[in-house]
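The structure appears below as structure tokens.
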Amino acid sequence: MKNYYQCLQIAHIINQIIRHETKVAQLFALNGKLTEKHLWKTLIGFLISVEINTEELELLQKRRSQIRLV
């Protein structure tokens, strides 16, 4: 349950970033066929097919970087 909840939180954060991103909003306005559902399917497909480099992940964890929304 804990893993499910953490994945749910990550999905919520990604969803909020997408909704607030101006470039994505412009794409939605310009292209009527591009939907939020299509964008999610593309993102999931990317996450499934990409190989995660553990060395890069460890470097990111050591930096302690943050993403801040303005």
Side-chain angles (χ1 to χ4, degrees):
M1 289 300 286
K2 184 178 179 181
N3 288 339
Y4 174 76
Y5 181 70
Q6 288 174 343
C7 288
L8 189 65
Q9 286 182 320
I10 291 169
H12 178 71
I13 290 169
I14 292 171
N15 193 23
Q16 292 300 311
I17 290 171
I18 289 171
R19 287 179 183 263
H20 289 94
E21 180 64 40
T22 56
K23 290 180 183 178
V24 175
Q26 290 173 355
L27 283 174
F28 284 141
L30 293 176
N31 188 354
K33 295 181 181 180
L34 182 65
T35 63
E36 197 172 332
K37 183 177 180 179
H38 173 72
L39 196 58
W40 270 110
K41 285 184 177 184
T42 305
L43 181 62
I44 290 170
F46 173 76
L47 291 174
I48 289 172
S49 64
V50 171
E51 186 175 321
I52 297 173
N53 187 345
T54 55
E55 293 172 0
E56 289 181 20
L57 253 166
E58 289 172 0
L59 286 175
L60 287 173
Q61 288 175 346
K62 289 179 184 177
R63 287 188 205 160
R64 294 183 174 231
S65 58
Q66 293 181 355
I67 298 173
R68 295 180 186 228
L69 298 176
V70 178

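The structure displayed is predicted, hence computed values, not measured ones.
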Report summary line: When rounded to the nearest 0.5 Å, the distance separating OG1 of T42 from NZ of K37 is 12.0 Å
Query raised in the report: For I14, which residues count as a side-chain contact (heavy atoms from CB on, under 4.5 Å) partner, sequence neighbours excluded?
Result: I10, I18, W40, L43
Requested in this report: Return the set of residues passing side chain to side chain donor-acceptor pair (under 3.5 Å) with Q9 (not counting sequence neighbours), or none when no residue passes.
Outcome: Y5
